[in-house]
Number of protein chains: 6
Amino acid sequence: MTRYNQPVDAAQIPRFAGHSTFMRLPAVTSAEGLDIALVGIPWDGGTTNRAGARHGPREIRNQSSLMRRVHHVSKIAPFELANIADAGDLQVNPIDLMRALEEIENGISRIVEAGARPLIAGGDHLTTLPVLRAVARKAPLGLIHFDAHSDTNDSYFGGARFTHGTPFRRAIEEGLLDPKRMVQIGIRGSNYELDEHDWAKAEGIRIIYMEEFTARGPEDVMAEARAIAADQPTYVSFDIDSIDPSMAPGTGTPELGGFLTREAQAMVRLLQGVDIAAADVVEVAPPFDLGGMTALTGATMMFELLCIMAENQARKRGKT
Amino acid sequence: MTRYNQPVDAAQIPRFAGHSTFMRLPAVTSAEGLDIALVGIPWDGGTTNRAGARHGPREIRNQSSLMRRVHHVSKIAPFELANIADAGDLQVNPIDLMRALEEIENGISRIVEAGARPLIAGGDHLTTLPVLRAVARKAPLGLIHFDAHSDTNDSYFGGARFTHGTPFRRAIEEGLLDPKRMVQIGIRGSNYELDEHDWAKAEGIRIIYMEEFTARGPEDVMAEARAIAADQPTYVSFDIDSIDPSMAPGTGTPELGGFLTREAQAMVRLLQGVDIAAADVVEVAPPFDLGGMTALTGATMMFELLCIMAENQARKRGKT
Amino acid sequence: MTRYNQPVDAAQIPRFAGHSTFMRLPAVTSAEGLDIALVGIPWDGGTTNRAGARHGPREIRNQSSLMRRVHHVSKIAPFELANIADAGDLQVNPIDLMRALEEIENGISRIVEAGARPLIAGGDHLTTLPVLRAVARKAPLGLIHFDAHSDTNDSYFGGARFTHGTPFRRAIEEGLLDPKRMVQIGIRGSNYELDEHDWAKAEGIRIIYMEEFTARGPEDVMAEARAIAADQPTYVSFDIDSIDPSMAPGTGTPELGGFLTREAQAMVRLLQGVDIAAADVVEVAPPFDLGGMTALTGATMMFELLCIMAENQARKRGKT
Amino acid sequence: MTRYNQPVDAAQIPRFAGHSTFMRLPAVTSAEGLDIALVGIPWDGGTTNRAGARHGPREIRNQSSLMRRVHHVSKIAPFELANIADAGDLQVNPIDLMRALEEIENGISRIVEAGARPLIAGGDHLTTLPVLRAVARKAPLGLIHFDAHSDTNDSYFGGARFTHGTPFRRAIEEGLLDPKRMVQIGIRGSNYELDEHDWAKAEGIRIIYMEEFTARGPEDVMAEARAIAADQPTYVSFDIDSIDPSMAPGTGTPELGGFLTREAQAMVRLLQGVDIAAADVVEVAPPFDLGGMTALTGATMMFELLCIMAENQARKRGKT
Amino acid sequence: MTRYNQPVDAAQIPRFAGHSTFMRLPAVTSAEGLDIALVGIPWDGGTTNRAGARHGPREIRNQSSLMRRVHHVSKIAPFELANIADAGDLQVNPIDLMRALEEIENGISRIVEAGARPLIAGGDHLTTLPVLRAVARKAPLGLIHFDAHSDTNDSYFGGARFTHGTPFRRAIEEGLLDPKRMVQIGIRGSNYELDEHDWAKAEGIRIIYMEEFTARGPEDVMAEARAIAADQPTYVSFDIDSIDPSMAPGTGTPELGGFLTREAQAMVRLLQGVDIAAADVVEVAPPFDLGGMTALTGATMMFELLCIMAENQARKRGKT
Amino acid sequence: MTRYNQPVDAAQIPRFAGHSTFMRLPAVTSAEGLDIALVGIPWDGGTTNRAGARHGPREIRNQSSLMRRVHHVSKIAPFELANIADAGDLQVNPIDLMRALEEIENGISRIVEAGARPLIAGGDHLTTLPVLRAVARKAPLGLIHFDAHSDTNDSYFGGARFTHGTPFRRAIEEGLLDPKRMVQIGIRGSNYELDEHDWAKAEGIRIIYMEEFTARGPEDVMAEARAIAADQPTYVSFDIDSIDPSMAPGTGTPELGGFLTREAQAMVRLLQGVDIAAADVVEVAPPFDLGGMTALTGATMMFELLCIMAENQARKRGKT
C-alpha cells in the first residue's frame with residue numbers, strides 16, 4: 001500500500017464519472033506535502049491572434065481522465081514515486097495584464113515555497129514568464145523548449161513588450177534563463193523578418209529547426225538537448241503548437257509540418273535524468289479544438305512529463 | 001454573512017477557472033448537513049437508441065458555471081435559503097444493468113437518509129426508476145413530468161422491461177408513483193401503436209400533449225399540473241427532449257416541435273409551492289450536443305428547479 | 001395482419017441497426033403495386049450559392065429511422081392505409097444540367113405510370129420543375145408552397161434560366177402549374193429588386209409573407225391555402241429553408257425569422273383533404289447541417305406529408 | 001441609375017465569389033463622402049468569460065454576402081437612399097486595454113468627423129464605450145439597448161472598471177448617455193446580487209425584462225422605447241446575446257430564453273423614425289458559433305439597422 | 001463478364017446516390033452463395049468509457065461508397081475473385097449483454113454455416129468474442145491483432161468479465177484462440193498495473209509495442225506476424241484505435257502516437273497468404289468522429305482486408 | 001524601403017483584423033504591373049462527388065493571414081523579390097459548365113497578357129484545364145502534379161468529358177501539356193479498372209505512386225521530377241487531396257495514406273529552379289473542412305509555391 005495520493009481507478013469507476021481533476025487525482029488547496037503540484041493557469045491575456053488558452057486547464061483536466069498509472073515504456077509509476085495532486089487553478093485577472101503577471105508569479109511562488117515542483121497546464125505562452133520569475137529565484141535556469149515559434153521577439157503592436165511572442169526574451173533580460181543552456185526544438189513557419197532569430201542565436205540559444213529534427217530524429221536531438229541543459233536545474237516548456245496542427249488543431253497560431261505526437265512523446269521520454277525544476281504545457285485553446293484531440297494531446301504530454309519529474313524526485317530522494 | 005455554502009463568484013474569479021462543480025458550489029463527499037444535494041448519475045444503460053447521457057453530469061457541471069446567485073424573476077436566492085452542495089456522482093456500473101439499478105437506489109438512499117433532497121443530473125430516463133425506489137420509500141409520490149415521450153411502455157426488444165422507455169410503468173407497478181397524481185406535459189412525436197398511451201390513461205395519468213400546451217400556454221397548464229400534484233410530496237422529472245431539438249440537440253431521441261426554453265422556464269417557475277421531494281434533469285447526451293447548448297439548457301433548468309426547491313425548504317422550515 | 005409494407009419496428013430492432021431506408025421501409029426497385037413511392041433525387045445542379053442538397057436523400061433516410069407508425073395528433077397510421085416503400089434514388093447526372101432535368105422527368109414518370117404518387121426527398125428546388133413535368137402531364141396542378149423564397153425569378157448569371165431560383169416561373173410558362181391555384185407561404189428575406197414579386201402576383205400567385213403568417217397563425221393561413229388549392233390535384237412543395245435557420249441550418253440560402261417546426265407541422269396537418277398529386281421536401285444540404293438536425297426536420301416533414309397523402313389515398317379508394 | 005455605392009449583385013456574381021466585404025459593398029479607406037460607414041471593431045479585451053468577439057467582423061462580413069438590396073417588409077432600398085461603404089476595421093491593440101479604448105475612440109471620431117454615421121460590427125460590448133465617447137461629443141445620447149444583460153455593473157475582479165459588463169455605467173458617469181432616455185430590452189438570466197439593477201433603475205434607465213417583452217410583444221414594447229428615445233439623437237446597441245442561444249450560440253455569455261430572431265427583426269423595424277446617431281451589433285464570437293448561424297444573425301440585424309438608418313438619413317436630407 | 005456481385009460504379013452513378021451498402025454491393029438477406037459476407041454488428045454493450053460503436057456499421061457503409069474495384073498496389077480485384085455482398089446487420093439487443101453475446105454468436109454461425117467467411121464492421125471489441133465462438137467451432141484460431149490495447153484484462157468494475165477490455169482473455173480461456181499463434185501489434189498507452197501484460201505474455205502471446213513497430217517498420221513486423229500465424233486458420237482483428245487519434249478520432253479510448261494510416265495499410269497488404277478465417281474492424285464510434293474521417297478509415301481498412309481475403313479464397317479454390 | 005506591394009504586418013495589426021485578402025496583400029482589380037497574381041477561381045462545376053471547392057478561395061484567403069514574410073528554410077522573402085497582389089476572384093458561372101470554362105480561360109488570359117504569372121486558389125481540378133488553355137497558348141507545358149488521383153480518365157456518367165477526373169487527358173488531347181514532361185506524385189487509392197492508368201503511362205506520363213514516394217523520400221523523387229520538367233516552362237498543380245485526409249479533410253474525394261504536410265512542403269521547396277509558368281492549389285472544399293485545417297494547408301502550400309515563383313522571377317530578371 002502506497003503512502004501517496006492515488007488517482008481514481010478507471011477499472012473501478014468509469015472515466016466519465018466523478019469530478020474532473022488532473023489525472024483523477026485528489027484536489028488539494030495547498031501544495032504542502034506534495035512533491036509535484038499539477039496546476040492550471042487559465043489565462044491568455046498575452047495572445048496576439050486567436051485567444052482561448054484560458055479554457056485550456058479545464059479541458060486538459062477533462063481529457064486527462066484517460067491517463068492510467070504506469071508508463072508502458074519506461075515502466076515509471078509516478079504515483080508510487082512521488083506525492084502528486086491537483087492543486088487547482090491560479091486565480092488570474094483576465095482583464096489586467098500586469099496584474100495577471102503578478103498573480104501568476106505569486107501563485108507559483110506559493111507552490112514552490114511549499115516544496116513542490118509545479119507541472120503547469122496553461123494558458124498562453126506568456127504565462128511562462130511569471131512562472132519563471134517564481135521558479136528561478138535563486139539562479140537562472142536552463143530551458144528545453146518545444147515550440148513552432150522561438151517566442152523571443154522584442155515587442156508587438158508598437159511597443160507591447162509582454163505578449164505570448166516575447167516571454168523568453170524578457171526572461172533572459174530578467175536573468176531568469178541562461179541562454180547558453182537553452183535549446184528550442186521544432187521551430188518552423190514563415191518569419192516576420194530575415195533576422196528574426198539573430199538576437200536569440202547571438203545570446204547563445206540553440207535553435208533546432210523542424211527540418212533538422214526531421215533529419216536527425218529524436219534520439220540524436222535529445223542527446224544534444226540534454227547536453228545543453230547539463231545537470232543543472234532546467235525548465236521544460238512544451239508549446240502544443242510544436243505538434244502538427246492535424247494532431248493539435250486547438251491552438252492559437254498553428255504551423256503546418258510539426259512533430260508527430262509519437263515523436264514528441266519519444267523526446268520527452270528522453271528527458272530522463274534532466275533535473276526538471278518545473279514544466280508547462282501551454283497554448284491548448286479548446287475553442288479551436290476538434291473533438292478534444294488537442295486537450296488529449298496536452299494531457300498525455302503532461303503525463304509524459306510527470307513520469308520524468310516523479311522519477312527525478314525519487315532518484316534525488318534516494319541520493320540523499 | 002450567510003451560514004450556507006456559497007458558489008464561487010464569477011465577478012471575482014472568471015467562470016472558466018477552477019474545478020468544475022455544479023454551479024461552482026463546494027464538492028462534498030457526504031450529504032450530511034445539506035438541504036439539497038446536487039448529484040450526478042453518469043449512466044445510460046437503459047438507452048435504446050443513441051447512448052451518451054452517461055457524459056451528461058460532467059458537461060452540465062461545466063456549463064453550470066454560467067449560473068449566478070439570484071433568480072431574476074422570482075428573486076429567489078437559493079444559496080441564502082438552503083444549504084446546497086455538489087455531492088458528486090454516484091458510482092454506477094456501466095456494464096451490468098441490474099447492478100446499476102441497485103447502485104443508484106443505494107446512492108440516492110444515502111442522500112435521502114442524510115436528510116437532503118436530491119436534485120439529479122442524469123443519466124438516461126431509466127435512472128429515475130431506482131431514484132424513485134429510494135425517494136418513495138414511505139408512500140407513492142405524485143409526478144410532474146416534462147417529456148416528449150410518455151415512457152410508459154411495457155417492454156422492448158422481446159422482453160427487456162428496464163429501458164429508458166419504461167420507467168414510469170415500472171414505477172407505478174412497484175407502487176412508487178400514484179398515477180392519479182401524475183401529469184405528463186409536452187408529449188409528442190409519432191407513436192409505435194394507436195393504443196400506445198391507453199395503459200397510462202387507464203391508470204389515471206393526465207397526458208397534456210404538445211399541441212394542447214401550445215393552445216393553452218404555461219399558466220393554464222401549470223395550474224392544472226399543480227392541482228394534480230396537490231400538496232403532497234411530488235417528484236419532478238425534466239427530460240431535456242421535452243425542449244425543441246433546436247434548443248437541446250444533444251439527446252438520444254429528439255422529437256421536432258418541442259418547448260421553447262422560455263416556455264419551459266416559465267413552467268418550472270410556476271411550480272412554486274409544490275412540495276418537491278426530489279427532481280431530475282435527464283437525457284442530456286453530450287456526444288450529440290452542439291456547442292454545449294444542451295448542457296447549458298440542462299444546467300439552467302437545474303437552476304430553475306433549485307430555486308423552487310430551496311424556497312420550498314425555507315418555507316417548510318419557517319412553518320415548523 | 002396488414003397486407004401493406006411495414007417499417008422495421010424500433011421496439012424490436014434498434015433504430016441504428018439495419019440498412020438505412022426511408023422510414024425503415026423495404027427498398028423496392030419498381031413502384032409497381034405502390035400507392036406512394038418515397039423517392040430520393042440526389043441532385044443540386046441548380047444551386048446558385050451553397051451546394052450540398054445532392055447529399056439530402058441519404059441523410060434524410062438516416063434520420064427517418066426516428067419515425068414510428070402512427071401520427072400522434074391525427075391518429076393516421078399511414079402504413080395501414082396505403083402501400084408505401086422506399087423506391088430508391090433517381091439516377092441523375094451531376095455534371096450536365098439539361099440531361100439531369102430529363103433524367104428526373106423520366107424517373108418520376110416511371111413512378112407515376114406505375115400508379116404511385118411520389119413523395120420526394122430532394123435535391124435542390126430546381127428538381128421540382130422536372131418532377132412537375134412528369135406529374136402534371138394531363139392538366140396544370142395547384143401548388144401549396146412553403147418557402148422563404150418565391151423562386152419565380154426569370155434568370156441568373158446573365159441568362160441562366162434553370163436554377164433553383166426559377167422553377168416556378170418555368171413551370172407556369174410551361175403550363176404545369178395554374179398560378180391562380182398557387183399559394184406561397186413564409187416568403188421573407190431581403191429582395192434583389194423592389195418589383196421582384198410583381199410577376200408572380202400578376203400571374204395570380206398568392207404570396208403570404210412570413211409577417212402575415214406570424215400575425216394570422218396556421219389555421220387561418222391554411223384555410224386560405226386549402227381554398228386556393230380547391231379540390232383539384234395539387235402539388236405540395238416544402239422547401240426546408242421556410243423553417244427558421246436555427247431549426248434547419250443545413251440549407252443553401254438560409255433566411256432568418258422562419259417557421260418554428262411546430263408551426264410547419266401544424267400547417268401540414270391542416271392539408272388534410274387536399275388532393276396531393278405529389279409532394280417534395282427540398283433543399284436539405286447535409287454539408288451545412290448541424291448534428292443531423294435539418295435532415296431530421298426534413299424526415300419529419302416527409303412523415304407529416306406521408307400521413308396526409310396516405311389518408312387521402314385511402315379516402316379516395318373508399319369513395320370508389 | 002443611382003449615384004451611390006452598390007453591392008455586388010448575387011444574381012450576377014455568386015455570393016461565394018469575390019472579396020468579402022460588408023454586404024458586398026466597396027471597401028473604402030476613408031469615410032469621406034459616406035452617409036453611413038459600416039465598420040468593424042475586431043477587439044474583445046473587455047471580455048470576462050469566453051473571448052472571441054475579436055473575430056466577429058470577419059465572419060459577419062462573410063455571412064453578409066447573403067443580404068440583398070431591398071427590405072421585403074418596409075420596401076426600404078438602403079443603397080438607393082444613402083451612400084454606404086465598408087470602411088474597414090479599426091486598428092486596435094489586442095494586448096493593451098487602455099490604449100485600445102483610445103484607438104477605438106479615435107477611429108470612430110475620424111468617421112464621425114467625415115460626416116458619416118457609423119454602423120459597427122463588434123467586438124465585445126466594451127467597444128460601445130469608446131464609440132460613445134466619439135459619437136456623443138456634443139450632448140448625451142439616448143440609448144435603445146437590446147441585450148440579455150444590463151451591463152451596468154461597477155467593476156469586476158477586484159476593481160476592473162472597464163469590462164464588457166460595465167460600459168453603460170461608465171458612459172452615464174462620463175455624461176455620454178442620458179439615463180432618462182435609456183431603455184434596455186430583453187434583460188434576463190440569473191443575477192449576481194438582489195440589488196444588481198438598482199443603480200440603473202435609480203438613474204432612470206427603463207429595464208424591460210424578457211418576461212415583460214414576452215407578455216407585451218414587439219409593437220407595444222417598441223412604442224414605449226420610441227417614446228423614451230424621443231426624437232433626440234439616439235444610439236442603438238444590439239448585443240447578439242439578446243437573441244436566444246439556439247439562434248445565436250456564438251457569443252460569450254449565452255442566456256437561455258431570449259428573443260426569436262423574428263421578434264428581434266420586428267423590433268428593429270419599429271425603430272423607423274428614431275434619429276439613430278450610430279449603432280452597433282456586438283458580441284458575435286465566431287469560435288463559439290455553429291455553422292455561421294450567429295454571424296448570419298449579426299449580419300441580418302445589421303441590414304435591418306441599415307435600412308432604418310438609411311431611411312432616416314434620406315428623410316433628414318429631404319427635410320432640409 | 002463476371003458471375004459475381006458487382007458494386008455500383010461511381011463512374012456511372014455518383015457516390016452520394018442510392019442506398020448505402022458496404023462498398024455499394026447488393027444487400028442480401030442470406031449468406032448462401034457468398035464467399036465473403038460483409039456484415040455489421042451494431043452493438044457496444046461492452047464499452048467501459050465512451051459508447052458509440054453501435055453506430056459504426058451505418059457510417060462505415062456510408063463512407064465505403066468511396067471504395068472502387070481494384071487495389072492499386074496489389075492489383076487484386078476482389079469482386080472478380082469472390083462472391084461478396086452486404087449481408088446486413090446482425091439483430092442485437094442493446095440492453096441485455098448476455099443475450100447480445102448469444103445473438104451475435106448465432107448470427108455469425110448462420111453465415112459460417114452458409115459457407116461464407118465473415119468480414120465484420122463492429123461494434124466494440126467485445127463483439128469479437130461471440131464472433132470467435134461462431135468461427136472457431138472446430139479448433140482454436142491464430143490471431144493477428146492490431147490495437148492500442150491488449151484487451152486481455154480479467155475483469156472491470158468489481159467483477160464484470162465481459163467488457164471490451166477482456167475479450168481475448170475470455171477467448172483463450174474458452175479455447176477459441178491459440179495464444180501461441182497470437183500477435184498483438186501497436187500496443188501502447190499508460191497501463192493500469194505494472195504487470196498488466198504478464199498474463200498475456202505468460203500465455204505465449206507476442207506483444208509488439210508501438211515503439212518496437214516504429215523501430216522495425218511494417219515489413220519486418222509482418223514477417224514475424226505471418227510466422228506466428230503460420231499457415232493455419234487465423235482471425236484478423238483490427239481495432240481502429242490502433243491508428244493515431246488524429247486519423248481515427250472517432251473511437252472510445254483514443255491513445256496518442258498510433259499508426260499512420262499508410263503504415264496500417266502496408267501491414268494489412270503484407271497479410272497476403274495468411275489463411276484468414278474471418279476478420280473484423282471494430283471500435284469506430286461515429287458520435288466522436290470528425291467529418292467521417294474514422295468511418296472512412298474503417299471502410300478503407302475493410303477494403304484492404306477484403307482484397308486479402310478474396311485473393312485467399314480464389315487461391316484456395318484454384319488449389320482444389 | 002521596397003518598391004513592391006507588402007502584406008499587412010501581423011506584428012502591427014492583428015491577423016484577425018482588416019479585409020481578408022491572400023496573405024494580407026493589397027487587392028487589385030488588374031494584374032498590370034504584377035509579377036505574380038494571386039487569383040481565386042471559386043467554381044466546382046466539375047465535381048463528381050462532394051462539391052464545395054467553390055468556397056475554397058474565400059477560406060484560403062482567410063487562413064492565409066497566418067503567413068508571414070520570409071521563408072524560414074530557404075530564406076526567400078517573396079515580397080522583396082517580386083510584385084505580388086491579390087487579383088481577386090474570377091467571375092465564373094456556377095450553373096453552366098461550358099460557359100464557366102470559357103470564363104476561366106478568359107480571366108486567366110487577361111492576367112497572363114498583363115505580364116503576370118498566376119498562382120491560383122481553386123476551385124475543383126477541372127479549373128486547371130481552362131487555366132492551361134490560357135497559359136499554354138504558345139507551346140505545351142510540362143507538369144509537376146501532386147495528387148491522389150491521376151485525373152486522366154476519359155469520361156463519366158455516360159459521356160461527360162469535362163469533370164474533375166478528366167482534365168489532364170483533355171489537356172494532352174488539346175496539346176496544352178507535353179506528356180513526356182509530366183510527372184504525377186502521390187497517386188493512390190483503389191481504382192475503377194485494372195488498366196485505369198494505362199492510357200496515361202502510354203502517353204509517357206511518369207506516375208510515382210504513394211508507395212514509391214514513401215520508399216524513396218522527397219529528395220530522390222523531386223530530383224526525378226525536376227529532371228522530367230527539365231528547364232522548360234512548367235505548370236505545377238497541387239491537389240490538396242494528395243495530402244493525408246487527417247491533415248486536409250476538407251476535400252471532395254479523400255484517400256487514406258497521403259503525404260504528411262511536411263513531406264509536401266519539402267517537395268515544393270525542392271522545386272527551386274523550375275521555371276513555373278503558373279501554379280494552382282485545388283480541391284480545398286471548406287464545407288467538409290474541420291476547423292479551417294485544410295484551408296490553412298492550402299494557404300501554406302500557396303506560400304511555399306509563391307516563394308519558389310518569386311525567386312524564379314527575380315532570378316530571370318537578374319539574368320536578362
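Here is how names work: the chains are called A, B, and so on, in the same order as the sequence lines, proteins then strands, and each is numbered from 1.
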Nearest 0.5 Å, what's the [atom1]-[atom2] distance between [X] and [Y]?
X: F:H71; Y: A:L194; atom1: NE2; atom2: CG; result: 12.5 Å
X: F:T261; Y: A:D244; atom1: OG1; atom2: CG; result: 4.5 Å
X: A:T48; Y: F:F16; atom1: OG1; atom2: CZ; result: 8.0 Å
X: F:L290; Y: A:L290; atom1: CG; atom2: CG; result: 5.5 Å
X: A:F288; Y: F:M293; atom1: CZ; atom2: CE; result: 13.5 Å

* **Test: F:R68 and A:E255 ion pair at under 4.0 Å** => yes
* **Salt bridge F:K75-A:E193, side-chain N to carboxylate O under 4.0 Å** => no
Considering only heavy atoms, which portion of [X] lies under 4.5 Å from any heavy atom of chain A: side chain, backbone, both, or neither?
X: F:T297; result: both
X: F:D9; result: side chain
X: F:A248; result: neither
X: F:Q265; result: side chain
X: F:A11; result: both

* **A:E196 vs F:V70 side-chain heavy atoms within contact, under 4.5 Å** => no
* Evaluate the side-chain proximity of A:Y156 to F:P14: yes if any heavy-atom separation is below 4.5 Å, no if none is. => no
* Out of A:S190, A:S246, A:A160, which one racks up the most heavy-atom pairs below 4.5 Å with chain F? ->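 Highest number of pairs under 4.5 Å: A:S190.
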* Top contributor to chain F contacts, counting heavy-atom pairs under 4.5 Å, from A:G250, A:P254, A:G165 ->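 The option with the most such pairs is A:P254.
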* Regarding A:E211 and F:H72, is there a side-chain donor-to-acceptor distance under 3.5 Å anywhere? ->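 Yes, a side-chain donor-acceptor pair sits under 3.5 Å.
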* Asked: Where the side chain of F:R15 meets the backbone of A:N49, is there a donor-acceptor pair that is under 3.5 Å apart?
  -> no
* **Closest-packed option against chain A by number of heavy-atom pairs under 4.5 Å, given F:A77, F:A10, F:P7** => F:A10
* To do: Please state whether the side chain, the backbone, both or neither of A:M247 comes within less than 4.5 Å of a heavy atom of chain F.
  =>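 Contact with chain F is absent: no heavy atom of A:M247 under 4.5 Å.
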* Contact class of A:T214 relative to chain F, heavy atoms under 4.5 angstrom ->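 Just the side chain, heavy atoms under 4.5 Å.
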